2 protein chains.
Amino acid sequence: MAHIIVVEDEQELARLISSTFQSDGHTTEVFRDGRFALDRIDDRTRPEPDLYILDLGLPRVDGLALCKRIRQDRITPIVMLTAKTSELDKVLGLELGADDYITKPFSLRELQARVSAILRRVEMMSRENLPDTTIDSKVIEQDGLRIDPVGREVHAQSTSISLTAKEFDLLYLLASNPGRVFSRAYLLDTLWGDTYGGFERTVDTHIQRLRRKLAEADNADERIVTLWGVGYRYDKRGSRPA
Amino acid sequence: MAHIIVVEDEQELARLISSTFQSDGHTTEVFRDGRFALDRIDDRTRPEPDLYILDLGLPRVDGLALCKRIRQDRITPIVMLTAKTSELDKVLGLELGADDYITKPFSLRELQARVSAILRRVEMMSRENLPDTTIDSKVIEQDGLRIDPVGREVHAQSTSISLTAKEFDLLYLLASNPGRVFSRAYLLDTLWGDTYGGFERTVDTHIQRLRRKLAEADNADERIVTLWGVGYRYDKRGSRPA
DNA sequence: CCGGGTTGTGACGAAATCGTAAATATTCCC
DNA sequence: GGGAATATTTACGATTTCGTCACAACCCGG
């Protein structure tokens with residue numbers, strides 16, 4: 001059973017979609033305003049859903065922007081809803097990377113069927129062991145730290161830091177979004193998988209090991225900051241007041 | 001520009017689709033009978049198209065069967081055309097592995113847009129990711145190691161190293177992308193074929209044999225690095241700090 | 001049909017990593 | 001300042017992953 005985020009400003013339609021999927025046993029979260037949805041998307045304190053359903057025309061921030069934002073660093077499935085066929089053409093042309101597009105009006109059964117198909121496909125995929133599905137693999141380079149996701153190497157001013165798999169994933173995720181807080185639950189979700197039933201303190205231990213290795217190589221700098229009662233954050237050097 | 005096979009029994013619609021894509025610069029091949037289409041699909045002397053457009057309801061052999069047949073051994077994109085929404089539900093439920101589904105009646109512009117989106121996505125995929133898919137085989141020459149893919153020979157500072165087929169392929173793939181990690185799953189996929197069901201330990205063994213031969217000839221240098229829990233990586237000599 | 005070279009497999013010890021718990025330290029808030 | 005909540009450190013056992021080896025299956029040329 002999946003968790004689905006629905007962003008749709010027409011109240012009645014939003015309600016219908018939500019209740020449809022809920023009666024299928026899924027859980028839903030509904031937003032009727034693009035700006036609020038964006039906040040939710042950027043909030044690394046709460047877990048990533050299994051699927052997004054985005055309306056194209058939204059108040060304040062439109063569906064296109066949301067879709068782009070998500071695709072910047074995630075491959076979470078997205079279904080786009082468009083009002084007119086002519087609109088659909090444009091959207092498809094932009095190649096946003098959504099997984100499916102539906103033109104209003106549509107039957108709920110169709111939406112249901114398409115969503116099921118996508119979820120099933122994702123489920124299949126995740127079973128297999130495919131080579132690195134990371135969308136963007138950019139080298140991160142800042143204040144003397146170089147993080148290369150392709151070779152999975154980390155260098156601090158010419159000396160190499162050897163990290164374990166988990167340590168690297170953790171660092172890369174944090175450093176990809178400097179200044180953004182990640183809750184332990186979110187980190188467990190994305191790095192350990194949503195089926196992981198372990199302890200949240202596990203994250204602490206890995207953070208600690210990471211901190212030590214960073215400190216050893218890159219003498220005395222606390223890039224990884226603890227947010228009490230919330231989680232962890234990666235700060236660029238000097239971004240905090242002395 | 002792509003080659004598209006259209007299977008549609010309504011003559012007028014088939015003509016429209018065909019001419020639409022032809023005027024976009026694509027080439028098309030039209031079948032109005034499932035049986036003939038199947039023959040074409042099974043004919044390995046003719047080139048595989050870049051995309052299929054299949055109608056669900058067809059004489060003699062229906063679109064479902066064609067879709068299944070294609071998916072048995074191909075990942076060529078497929079767009080399914082269905083007559084009714086109710087039909088669509090069923091088809092989606094079957095999870096045939098088609099890439100998109102459209103319900104009649106539809107606008108040609110929508111079909112056009114969806115097909116373009118798929119073709120673009122495929123194009124992206126084949127470019128992205130994937131290590132150097134360059135067919136042109138270049139001699140790799142670095143730090144005293146010379147790897148010649150044409151003669152499939154390897155020399156380490158004037159002494160020749162004789163490798164077996166698999167060993168050579170492995171070395172060549174790794175060395176073509178220095179600094180890049182390859183998971184065992186990926187290596188099995190590319191070097192053994194995606195249908196291979198064997199064990200991942202096999203890769204280890206080949207890596208080991210390769211390492212030994214390299215070490216014998218090219219005295220004490222560990223170019224191939226193990227990344228715990230991830231895979232293997234080829235490093236240029238001296239790319240790792242002492 | 002024989003034999004050498006190549007390839008895949010299973011087993012096993014060694015090594016690295018990982019998760020947890022318990023002890024200790026820090027921060028928060030009244 | 002004091003107590004509760006939260007985080008860090010440490011240590012250790014369990015688990016996972018790796019390297020190696022020997023052997024059997026296979027392929028192919030002679």
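What you see is a predicted model, and the numbers here were worked out from it, not measured in a lab. Just so it is clear: chains get the letters A, B, ... in the order the sequence lines come, proteins before strands, and each one is counted from 1.
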Gap between atoms CG and C1', on A:L187 and C:dG19 respectively (whole Å): 16 Å
Sugar-phosphate only, base, or nothing, as touched by A:R184 at under 4.0 Å among non-hydrogen atoms: sugar-phosphate
Residue met sooner reading DNA chain D from 5', once B:G229 and A:R209 are mapped to nucleotides: A:R209
Whether A:F182 and A:Y186 hold their rings parallel, tilted or perpendicular, with breakpoints at 30° and 60°: tilted
Distance test, side-chain N/O of B:R211 to OP1/OP2 of D:dG19, below 4.0 Å: yes
Sole residue of B:T164, B:I207, B:L163 in side-chain contact (heavy atoms from CB on, under 4.5 Å) with B:L170: B:I207
Protein-nucleotide distance (A:F199, atom CZ; D:dA14, atom C1'), rounded to Å: 17 Å
A:T205 vs D:dT9: side-chain N/O to OP1/OP2 distance below 4.0 Å: no
Closest to side chain of B:D204, choosing from C:dT7, D:dG19, C:dG19: D:dG19
Nucleotide C:dT17, atom C1' - distance to CZ of A:F168 in whole Å: 17 Å
Shortest side-chain distance from B:W228, nucleotide among C:dT7, C:dT20, C:dA16: C:dA16
Options C:dC18, D:dC18, C:dT7, nucleotide nearest the side-chain atoms of A:H206: C:dC18
Short side-chain donor-acceptor distance under 3.5 Å, A:T226 and A:R211: yes
Rounded distance (Å) that lies between atom P of C:dT17 and atom CZ of A:R152: 12 Å
Minimum-distance nucleotide (side-chain atoms of A:A165 versus D:dT10, C:dT6, C:dC18): C:dC18
A:D99 and A:R114 ion-paired at < 4.0 Å: no
Presence of A:R201 side-chain N/O under 4.0 Å of D:dA7 phosphate oxygens OP1/OP2: yes
Whole-Å distance separating the CD atom of B:E200 from the C1' atom of D:dC18: 12 Å
A:Y232 side-chain N/O to D:dT8 phosphate OP1/OP2 under 4.0 Å: yes
B:L210 CG to D:dT20 C1', straight-line distance once rounded to whole Å: 15 Å
Short side-chain N/O contact to C:dG8 OP1/OP2 from B:W192, under 4.0 Å: yes
Pairwise 5' ranking along DNA chain C for A:K166 and B:S162, keeping only the more 5' one: B:S162
Given D:dT9, C:dT20, D:dA22, the nucleotide with the shortest approach to the side chain of A:Q208: D:dT9
Sugar-phosphate only, base, or nothing, as touched by A:T202 at under 4.0 Å among non-hydrogen atoms: base
Distance, rounded to the nearest Å, where B:L163 contributes CG and C:dT6 contributes C1': 13 Å
Donor on one side chain, acceptor on other, B:E167 and B:H206, under 3.5 Å: no
Distance, rounded to the nearest Å, where B:I207 contributes CD1 and C:dT9 contributes C1': 17 Å
Lys/Arg N to Asp/Glu carboxylate O, B:R201 vs B:D204, below 4.0 Å: yes
